[in-house]
Amino acid sequence: MVATTHHTTLIIGGGSAGVSVAARLRRAGITDLGLVEPADTHCYQPLWTLVGGGCAPLASSVRPQACVMPAGVAWVRDRAETIDTDNQVVTTAGGTRIGYEYLVVCPGIQLDWTAIPGMGEAVTTPWVSSNYTYELAPKTWEIIRSLRSGTAVFTMPAGPIKCGGAPQKIAYLACDYWRQQGVLDDIRVVLVLPTPSLFGIREFADVLAKVAARYRIEVRVSSELIEVDPDARRAVVIDRVTGATDDIAYDLMHLVPPQSAPDWIKKSPLADPTDPAGYVCVDKHTLQHTRYPNVFSLGDSSGSPNAKTGAAVRKQAPVVVANLLSVMTGQPAARQYDGYASCPLTTARNKMLLAEFDYSMRPHPTFPPRLVNAQKERRDMWYLKRYGLPLMYWNLLLKGLA
Ligand code: FAD
């Protein structure tokens, strides 16, 4: 079969992962580099938590995609639809066939709005929102600041999601606002988590338990939202340990949809056939595909078992680039990713603790704890989240410098 175009190296997805890998490859002198990305705007999604919490303007989370695309990269403004690994061809929604010798796959994660009955309809009503989309994040702040009494429900789905801390961060920002307004005592706050505790690492779970207690949040662990009745404003929550269900009447709800690999990736030869979530099947250290050595994947669509965050992308991009350059010269992929990820947990409107960890699920602090103990709530960490990390993202990460 003949492809209509060809790039020696092709990247699918121009989000955090795709742009930083492209920038690093260009810095390494790689030419004939194509990048498939349908969106005209590039989003810095971590800011959406602060947008929903009324602490940052939505406009500061976006820039034109053209401004972040590294010079010398051929931008294919289209959506990849299929990958033919035998013939090394990617086909786009517009019908273009692009041949490749090396492929980097990073089209992000899919939000499965229909996975929970009533959820998709609920977010169109005036009482429900989600920080997980650009359009809805400002609505979260509107409904938080309008609430003066009643019941507020914050949910997190089971399974991997991007930024596992985001479902609870917005609950803390909301509670701190209601506390400042003097209405927190009149609001019942329910936080529904599928996990057995507030965080998978005890050191951080202990701090968060104190934060939740401070706001008198009713934390439902090992529990999940299984149905929403948007007309009656009722949320059905199941306790996975006892099997008991609870029908909660809400006045505000912040939803996080279940997530999985994009459907077209699930159906592609790159997915792990044993994993129903369908992520790209890579070695968790080298990020090289387990069956196709000319294919790499990183970011949210990769099947490596790290926490899906931009922080993970920052550590994965140099590994993918080093290993890709090795494979191009016939060397083995030797550089290893250790599973590093971090979660800046905003616990108040001026405080944050920075959970950093790796595959060992032990704390992995960047700052020496004797100098900066980022495992407790700190005001300087808040400034890092609000101003430092966005600056680093736009000026260093996307330019392949961090
Ligand atoms: P994305 O950045 O989502 O990029 C995927 C790109 O692929 C997009 O540009 C998309 O348009 C494109 N694409 C999609 N389909 C196709 C296709 N078929 N063909 C070609 N291109 C396609 N991370 C942190 O580190 N810290 C945080 O505090 C944090 N907070 C978050 C809060 C929220 C509310 C959310 C939603 C995310 C947060 N994250 C956080 C997670 C972080 O944003 C993601 O982990 C990161 O963006 C993953 O990068 P990616 O390149 O894999 O995916």
Side-chain angles (χ1 to χ4, degrees), residues 10-22 34-53 56 61-63 65 68-69 75-83 90-94 96 98 104-111 129-134 136-137 140 156 160-170 173 254-257 259 261-265 268 279-280 297-302 304 306-317 320 340-346 352 354-356 381 384-386 389-390 392-393 397-398:
L10 186 65
I11 300 173
I12 301 178
S16 309
V19 171
S20 51
V21 166
L35 193 155
V36 187
E37 167 58 61
D40 287 333
T41 48
H42 183 103
C43 298
Y44 176 60
Q45 300 167 39
L47 218 53
W48 294 347
T49 294
L50 300 190
V51 172
S61 72
V62 285
R63 295 213 177 154
Q65 185 73 26
V68 301
M69 199 61 82
W75 176 12
V76 182
R77 296 183 187 213
D78 206 342
R79 177 174 293 278
E81 251 184 14
T82 60
I83 301 173
V90 169
T91 305
T92 68
T96 307
I98 314 164
V104 179
V105 184
C106 43
I109 202 164
Q110 176 173 287
L111 304 178
S129 188
S130 175
N131 286 344
Y132 273 68
T133 73
Y134 172 82
L136 287 169
T140 305
M156 175 179 179
I161 60 168
K162 50 182 160 186
C163 194
Q168 57 184 291
K169 293 189 233 182
I170 187 61
L173 293 181
H254 180 269
L255 284 173
V256 177
Q259 295 164 39
D263 285 340
W264 68 277
I265 291 280
S268 80
Y279 296 105
V280 180
S297 179
L298 73 165
D300 294 348
S301 59
S302 155
S304 55
N306 55 276
K308 295 187 184 299
T309 58
V313 166
R314 181 166 70 83
K315 297 288 187 174
Q316 291 174 333
V320 165
Y340 174 91
S342 80
C343 189
L345 290 149
T346 49
M352 192 193 97
L354 185 60
E356 295 178 284
M381 285 292 128
L384 178 77
K385 165 84 183 163
R386 174 63 187 90
L389 293 176
M392 189 180 90
Y393 184 79
L397 188 101
L398 293 184

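On a predicted model such as this, the values are computed, not experimentally measured, just so you know. Both counts, for ligands and for their atoms, begin at 1 and track the order of listing.
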Hey, which atoms in ligand 1 end up nearer than 4.0 Å to a heavy atom of [X]?
X    : value
G299 : 52 (O)
T309 : 23 (N), 24 (C), 25 (O), 45 (O)
I12  : 19 (N), 20 (C)
Y132 : 36 (C)

What closest approach, in Å, do [X] and [Y] show between heavy atoms, and which atom pair accounts for it?
X    : Y    : value
L298 : C106 : O-CB, 3.5 Å
L35  : G14  : CD2-CA, 3.6 Å
Y340 : R314 : OH-NH2, 4.0 Å
P390 : L47  : CG-CD1, 4.0 Å

(request) Ignoring angles and geometry beyond distance, decide whether A39 reaches within less than 3.5 Å of ligand 1 through its nitrogen or oxygen atoms. (result)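 It does not: no N or O of A39 is found under 3.5 Å from an N or O of ligand 1.
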
(message) Whether the S297 and Y279 side chains hold a donor-acceptor pair (N or O, under 3.5 Å, no angle test) is what I'd like checked.
(response)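 Y279 and S297 do not have a side-chain donor-acceptor pair below 3.5 Å.
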
(request) Using distance alone, with no hydrogens and no angle criterion, decide if D300 and Q259 have a side-chain donor and acceptor under 3.5 Å apart. (result)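 There is no such pair between these side chains.
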
(message) Can you tell me which portion of K169 lies within the under-4.0 Å heavy-atom range of ligand 1? Options are side chain, backbone, both, or neither.
(response)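 K169 to ligand 1: side-chain contact only, backbone stays beyond 4.0 Å.
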
(request) With heavy atoms only and a cut-off of under 4.0 Å, state how K308 meets ligand 1: side chain, backbone, both or neither. (result)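 Only the backbone of K308 comes within reach of ligand 1.
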
(request) Measure from atom 36 (C) of ligand 1 to every heavy atom in Q45, H42, E37 and give the option owning the shortest one. (result)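 That would be Q45.
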
(request) Identify which of P107, C163, A341, G13 has a heavy atom lying nearest to atom 5 (C) of ligand 1. (result)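 Nearest heavy atom to atom 5 (C) of ligand 1 lies in P107.
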
Mind checking whether [X] and [Y] have side chains closer than 4.5 Å, heavy atoms only?
X    : Y    : answer
N306 : Q316 : yes
S20  : Y393 : no
P46  : P344 : no
R79  : W264 : no

Among all protein non-hydrogen atoms, which one is nearest to [atom], and what is the separation to 0.1 Å?
atom                    : result
atom 51 (O) of ligand 1 : A17 N, 2.8 Å
atom 2 (O) of ligand 1  : S16 N, 3.2 Å
atom 21 (N) of ligand 1 : P38 CD, 3.3 Å
atom 52 (O) of ligand 1 : D300 N, 2.9 Å
atom 42 (C) of ligand 1 : G310 N, 3.6 Å
atom 15 (N) of ligand 1 : R79 NH1, 3.6 Å
atom 4 (O) of ligand 1  : G15 CA, 3.2 Å
atom 53 (O) of ligand 1 : G108 CA, 3.6 Å

Give a yes/no on ligand 1: does [X] have at least one heavy atom closer than 4.0 angstrom to it?
X    : result
P262 : no
K385 : yes
W264 : yes
P344 : yes

(message) Distance check, rounded to the nearest 0.5 Å: R77 atom CZ versus T96 atom OG1?
(response)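 Those atoms lie 13.5 Å apart.
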
(message) Rounded at 0.5 Å granularity, tell me how far CD in Q45 sits from OG1 in T133.
(response)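 So the gap between those two atoms works out to 10.0 Å.
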
(message) Against V19, only a single residue in I11, V68, L397 fulfils side-chain contact (heavy atoms from CB on, under 4.5 Å); can you say which?
(response)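 The residue from I11, V68, L397 that satisfies side-chain contact (heavy atoms from CB on, under 4.5 Å) with V19 turns out to be V68.
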
